[in-house]
Amino acid sequence: MLRLMDTRTRSVETITPATPGVLSVYACGPTVYRYAHVGNLRTFLLTDLLRRTAELLGLQVRLVQNITDVGHLQDDTNLDADGEDKLLAQARLENKDPFAVARFYEDAFHRDLALLNVKPADAYPRASESIDLMLSLIATLVDKGHAYVGEDGTVYFDARSFPGYGAISGNRLEDLRAGHGATGESTATGKRFHADWALWKRASENRAMTWDSPWGHGFPGWHIECSAMSLDLLGETIDVHTGGIDLRFPHHEDERAQSDCAVGHEVVRHWVRGEHLLFEGRKMAKSTGNVVLVSDVVARGFDPLALRLAFLSSRYRQQANLSWDAIAGAQRTLDRWRAAVAAWAEEPSKPMCAEVQQDVLEAFSDDLDTPRALQVLRKLEKSDLPAGAKFETFAWADRLLGLDLVRDVGKAPVPLPAGAAELLASRAAARAAKDFAASDRLRDELAVLGVAVKDTPAGQEWTLS
RNA sequence: GGCCGGGUGGCCGAGUGGCUUAGGCAAGGGCCUGCAAAGCCCUGUACGCGGGUUCGAUUCCCGCCCCGGCCUCCA
């Protein structure tokens, strides 16, 4: 049985799909105006772990993840026609068409997911291609009295029309400060109430990324896209909705209000959110200047899956403090496990260790307790169970871990650099003759070529560094 | 002002009303080795502060301090 921390009820809930056997999951995706940083990816990994666990438990998973390529403003309080969209700002910076920018970073997003072994979702709907869905949802909300056209021509959701507003975030309408952050002053002109938010914004004719609508030429607000696309692709009941903790408010609060008001009942059954990743003690953010990309991890010589392992070593709903040391430590473990798995694979296959298998699956089922699962596997690694059983169990567990642990099994030997074979032969001869001065000199020469030599009872062995 | 999450040994990080009190990294000692490397073994008794509940609290409750985040940009 899969259990997850539901941030609405604030307790660990057993996940029972509304449709038996089929788990529907909606994951808040990226706004594709820049590369995703590793903090973003940690949240996407959460969805992947959920999916892998559910599948191993025998559920069919229907996963939808949106691509936000329009409507996400730099500053949502600036609701006039010049409100700057994140994508438009980036397009201006890069001197490109905004949709070209969006497609570029969307491709990068998919590549990053692949590098982290995150399985693709079943659908990646784009906001810009779901405008009709949003317009019809907005019309429904206006008809039902949950939305109104403000004096500025923008369509707003009436926050006070949804009694459950605030249930996710714990924010009470009367305690919300008007305006942006602590500054206090609202800059929006057409709202009836400061907590109302825009569903459709009026825009001037010459603005890019705009569409015609019954409420004039304009563009959608950020929150409405998730309601529209999730209702369309997953229906009026969604088992699990994932995202980052920072989306709790206002994004998810507003999405819930829109979806529930449109269909008349609770749409999302469970909200699951990943905590922030800190880097060197600070939240990873552009404004903090500590953004790390997958490409940065690769540039430092690490396997992207070392990053995945580093993430697995802490619980998704705990803030984690990542560092280069932590990634390096994960890389060492990853290397050791891959080598061990490859060595075990040489031994006769034995049945999986059922107890370990059960413990690992139970750890994942228990609100994705990956640190515990890793502990179970470390114990197995050091146990005196047959190598064949260790191999089978690790190979099985990798379906959850996604670390390519069997990558080096039966791997063809890597060719030596030119001249290295001769040096190795000379060194073997020198050692046989107990000429250790020559032996040490040859070891240094091989190291320069990138060949690391170590001596074992069976003779010298080498690896490429 | 409101809301959320934390404070665990040198560092990172699990966890728990008592039990041999994770694990990793780093450190020290040892085995092994011609020397290294790798590996293996051993060592280090920690839970922010003050109260309370309890036979017993790091774990539960209250207060306080500190840290991170959110309050209409954010995974």
Whole angstrom value for the distance that separates P of A14(B) from CG of D366(A): 14 Å
Base-contact (B) and sugar-phosphate-only (S) positions in nucleotides 23-38 of chain B, heavy-atom cut-off under 4.0 Å, - elsewhere: SSS--------BBBBS
Set of residues satisfying salt bridge (Lys or Arg N to Asp or Glu O under 4.0 Å) with respect to R300(A), sequence neighbours excluded: none
Sugar-phosphate, base or nothing in reach of L41(A), heavy atoms under 4.0 Å: nothing
Results of side-chain hydrogen bond (donor to acceptor under 3.5 Å, both in side chains) for T43(A) - residues two or more places apart only: none
Contacts of type side-chain hydrogen bond (donor to acceptor under 3.5 Å, both in side chains), residue T47(A), not counting sequence neighbours: T242(A)
Counterpart residues, salt bridge (Lys or Arg N to Asp or Glu O under 4.0 Å), relative to R52(A) (two or more places apart): D48(A)
Below 3.5 Å is the cut-off: list the nitrogen or oxygen pairs between protein and nucleotides 46-48 of chain B, distance only.
none

Nucleotide G69(B), atom C1' - distance to NE2 of H276(A) in whole Å: 6 Å
Set of residues satisfying side-chain hydrogen bond (donor to acceptor under 3.5 Å, both in side chains) with respect to R317(A), sequence neighbours excluded: D367(A)
Touch class at under 4.0 angstrom, heavy-atom based, for H251(A) against every strand present: nothing
Near-strand residues of residues 163-171 of chain A, defined as heavy-atom separation under 4.0 angstrom from RNA chain B: S169(A), G170(A), N171(A)
Partners meeting side-chain hydrogen bond (donor to acceptor under 3.5 Å, both in side chains) with Y105(A) (sequence neighbours left out): E94(A)
Qualifying residues under salt bridge (Lys or Arg N to Asp or Glu O under 4.0 Å), relative to R441(A), sequence neighbours excluded: E445(A)
Sole residue of D122(A), V118(A), V240(A), V25(A) in side chain to side chain contact (heavy atoms under 4.5 Å, CB included) with R51(A): D122(A)
Inter-nucleotide P distance (G39(B), G24(B)), Å rounded: 12 Å
Side-chain (D440(A)) to main-chain (A437(A)) donor-acceptor, under 3.5 angstrom: no
Side-chain donor-acceptor contact under 3.5 Å, D303(A) with Q331(A): no
Any residue meeting salt bridge (Lys or Arg N to Asp or Glu O under 4.0 Å) with R378(A), in chain and number order, not counting sequence neighbours: none
Rounded interatomic separation in angstrom, taking CZ from F279(A) and C1' from G69(B): 19 Å
Sugar-phosphate or base contact per nucleotide [nucleotides 5-13 of chain B; S, B, -; heavy atom under 4.0 Å]: -S-----SS
Backbone N/O of A198(A) and side chain of K191(A): donor-acceptor pair under 3.5 Å: no
